[in-house]
Amino acid sequence: MSAYKSDFLNVLAERGFIHQVSEPDALDTLARSSTVTAYIGFDCTAASLHVGSLLPIMLLYWLQQTGHRPIALMGGGTTRVGDPSGKDESRRLLTDAAINDNLKGIRAVFDKFLKFENAGGNAVMANNADWLNKLNYIDFLRDVGRHFSINRMLAFDSVKLRLERQQELSFLEFNYMILQAYDFVELYRRYGCVLQMGGSDQWGNIVNGIDLGRRVHNAQLFALTSPLITTSSGAKMGKTAAGAVWLNADLVSPYEYWQYWRNTEDADVGRFLKLFTVLPLGEVERLTALKNAEVNEAKKILATEATALVHGRAAAEQAAATARATFEQGELSATLPTVEIADFHRHVRLLDAVVKAGLAASNGEARRLIRGGGLKVNDETVHDEVRLLTPNDLKHGVIKLSLGRKRHVLLKPV
RNA sequence: GGGGGAGUGUCCCGAGCGGCAAAGGGGGCGGACUGUAAAUCCGCUGGCUGACGCCUUCGUAGGUUCGAGUCCUACCUCCCCCA
């Protein structure tokens with residue numbers, strides 16, 4: 001049990017979400033006696049959020065589940081500047097059009113986790129472009145800029161790191177932390193928002209907002225950060241051979257998403273069940289206690305539960321069923337990812353098919369994979385790198401290509 | 001403005017007397033072993049090609065040379081020192 005009295009902080013603490021909290025006692029008291037409005041900002045640097053953003057999303061989820069009010073803040077304005085935190089180099093500047101497209105792609109995910117006003121809930125979706133784009137430079141400097149000390153800003157990790165490594169930090173990026181601080185105060189004004197949450201790398205930025213709130217409005221604001229989650233082997237979350245694990249289904253299918261969680265390392269299962277599913281802690285404990293090969297059962301549940309949160313229960317169950325048929329029964333599952341091939345009149349080169357199926361980036365890579373014994377057609381290892389696929393290879397109307405033991409694709413002539 | 005240093009394989013770091021598709025790591029992928037895990041060991045890690053081979057790569061553009069990542073010139077970017 002945690003030492004907190006409020007449901008909100010208790011749940012977060014027990015499930016492993018808390019890295020640092022500013023003035024925990026005061027926040028705990030507040031969360032017990034009233035509805036806390038809290039926000040997390042999300043950058044619009046890509047067309048979808050990925051697994052790395054899942055943790056902040058879950059923070060908002062639990063906030064609402066424990067009776068409070070979440071604000072998902074889209075960084076439509078701050079993305080135009082670029083957050084230097086944790087970045088070695090300056091970010092490429094995105095065009096406004098690209099940012100807007102990204103914003104659209106990102107928004108939809110939140111409906112899965114939060115109940116917004118149009119769905120009978122109290123969650124709020126905001127966009128800091130609404131106030132940042134209108135700022136007047138001189139006014140802003142006088143109202144906000146005067147509260148920031150360069151001496152102190154230079155001491156922040158995000159700045160210090162760049163300076164120490166002699167990497168450029170543009171004035172534009174240098175201002176990011178000021179804008180984020182301003183966001184916090186603006187949300188306090190608009191919505192009475194008193195808590196900003198985020199990843200541990202955001203601590204400095206959040207504290208800036210707290211200071212600004214105190215100076216401008218004499219308000220007591222709070223910070224809560226979540227730990228940086230890595231796998232037990234130290235790798236960052238969310239990267240696979242195919243790239244980032246996006247949350248949008250058009251970028252990463254529910255099946256692939258399920259596979260990502262299914263392949264969790266043993267040592268991470270318990271931690272991930274607490275963080276990325278909403279299973280009761282008792283159930284999590286039972287699953288975590290499983291040993292050796294039995295942890296695979298826990299991994300399947302982790303995969304299905306995590307997938308259900310993002311893609312819905314039905315898609316998650318189907319992904320689980322596809323995996324069961326493919327991996328455990330060795331059957332051909334028609335619900336595996338399918339790639340259509342045209343011009344399959346007489347034959348097509350296997351190399352081309354492998355590339356088209358997305359299993360290799362070039363013919364050369366496909367050749368290497370075949371030489372290394374990593375490629376299978378209908379579950380038989382291929383040794384001939386110039387093999388042709390003919391209609392004779394069709395089984396139940398499709399050809400199954402496998403790369404390694406995990407990646408399977410069905411080819412379907414059209 | 002003056003002086004000095006740096007930019008290498010489109011994932012990253014990083015060696016490179018004028019013969020270089022370019023050392024070595026990390027990461028990633030494949031194989032073996034397993035449990036769709038971890039650890040370990042082995043292989044691969046520019047494009048095209050059945051193959052010989054051809055093509056494209058070391059900040060950019062020229063030049064010297066049979067031959068340039070390597071030498072010369074100009075330019076771009078970054079860093080340091082002086083002003």
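A, B, ... follow the sequence lines: proteins, then strands. Residue 1 opens every chain.
Atom P of nucleotide rA37(B) and atom CD of E265(A) are separated by 10 Å, given to the nearest angstrom. Summarising the geometry, the separation between CD on Q259(A) and C1' on rA37(B) is reported as 13 Å, rounded to the nearest angstrom. In this structure, the CZ atom of R262(A) is 14 Å from the C1' atom of rA38(B), given to the nearest Å. Atom CG in N292(A) sits about 15 Å away from atom P in rA37(B), given to the nearest Å. Nucleotide rU36(B) holds its P atom 16 Å from the CG atom of L336(A), rounded to whole Å. Distance, I301(A) CD1 to rA37(B) P: 18 Å, rounded to whole Å. Taking atom CZ on F327(A) and atom P on rG35(B), their separation rounds to 15 Å, with Å as the unit. Between the P atom of rC29(B) and the CG atom of L403(A) lies a distance of 10 Å, rounded to the nearest Å.
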For this session: Start with the C-alpha gap between R32(A) and D7(A), add the side-chain angles, then the distance that decides, and say whether salt bridge (Lys or Arg N to Asp or Glu O under 4.0 Å) holds.
Result: CA-CA 7 Å; R32(A) 213 153 67 113; D7(A) 284 350; over 6 Å; no
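Taking the C1' atom of each, rG26(B) and rA15(B) are spaced 15 Å apart, rounded to whole Å. The P atoms of rC58(B) and rG46(B) are separated by 15 Å, rounded to the nearest whole Å. Taking atom P on both rG43(B) and rC78(B), the two are 43 Å apart, rounded to the nearest angstrom. Look at the P atom in both rG50(B) and rU57(B): the space between them is 24 Å, to the nearest Å. On the P atoms, rG16(B) is 28 Å away from rC66(B), given to the nearest whole Å. Across the C1' atoms, rC55(B) and rU65(B) are found 23 Å apart, a figure rounded to whole Å. Taking the C1' atoms as reference points, rC12(B) lies 23 Å from rU60(B), given to the whole Å. Here, rU70(B) and rG19(B) have their C1' atoms 11 Å apart, quoted to the whole Å.
Both distances falling under 3.5 Å, in either a Watson-Crick or a G-U wobble arrangement, occur for no nucleotide opposite rU56(B). Across all strands shown, rC78(B) pairs with rG5(B); the Watson-Crick or G-U wobble distances both stay below 3.5 Å. Pairing for rA51(B) is absent, with no Watson-Crick or G-U wobble pair whose two atom distances lie under 3.5 Å. Nucleotide rA61(B): paired with rU73(B) (Watson-Crick or G-U wobble, both distances less than 3.5 Å). Across the strands present, rC17(B) finds no partner; the criterion is a Watson-Crick or G-U wobble pair with both atom distances under 3.5 angstrom. Using N1 to N3 plus N6-O4 or O6-N4 for Watson-Crick, or N1-O2 and O6-N3 for G-U wobble, each under 3.5 Å, rA68(B) pairs with nothing. Here rU40(B) sits opposite rA32(B) as a Watson-Crick or G-U wobble pair (both hydrogen-bonding atom distances under 3.5 Å).
Salt bridge K291(A)/E294(A): absent, no basic N to carboxylate O contact under 4.0 Å.
Aromatic ring orientation, W261(A) versus F272(A): perpendicular (interplanar angle above 60°, classes split at 30° and 60°).
Counting non-hydrogen atoms under 4.0 angstrom, T264(A) reaches the backbone sugars and phosphates but no base. Across all strands shown, V269(A) has no heavy atoms under 4.0 Å from either base or sugar-phosphate atoms.
Between G404(A) and A293(A), the residue whose closest nucleotide on RNA chain B is further toward the 5' end is G404(A).
Comparing rA37(B), rG35(B), rU36(B) by their closest approach to the side chain of N263(A) singles out rU36(B).
No donor-acceptor distance shorter than 3.5 angstrom exists from the side chain of N248(A) to the backbone of D250(A), with no hydrogens or angles considered. Looking only at distances, no side-chain donor or acceptor of T225(A) sits under 3.5 Å from a matching main-chain atom of G198(A). A distance-only check finds a donor-acceptor pair linking the side chain of S22(A) to the backbone of A223(A) [under 3.5 Å]. Looking at K112(A), its side chain does come within 3.5 Å of a backbone N or O of V310(A) through a donor-acceptor pair. Counting only distance, with no hydrogens or angles, the side chain of T66(A) and the backbone of L63(A) share a donor-acceptor pair below 3.5 Å. Without hydrogens or angle criteria, E256(A) side chain to S253(A) main chain gives a donor-acceptor distance under 3.5 Å. A donor-acceptor contact shorter than 3.5 Å is absent between the side chain of R15(A) and the backbone of R271(A).
Neither OP1 nor OP2 of rG30(B) sits under 4.0 Å from any side-chain N or O of K376(A).
A syn base is found at rC20(B): its glycosidic angle is within 90° of 0.
The side-chain heavy atoms of L247(A) and Y257(A), taken from C-beta on, include a pair separated by under 4.5 Å. When side chains are defined from C-beta on, N263(A) does not count as touching K299(A), because their heavy atoms never get closer than 4.5 Å.
Interface residues of residues 349-375 of chain A facing RNA chain B, ordered by number: R349(A), S362(A), N363(A), G364(A), R367(A), R368(A), L369(A), R371(A), G372(A), G373(A), G374(A); criterion, heavy-atom separation under 4.0 Å. Of the residues in residues 378-390 of chain A, E385(A), V386(A) come within less than 4.0 Å of RNA chain B through at least one heavy atom, sorted by number.
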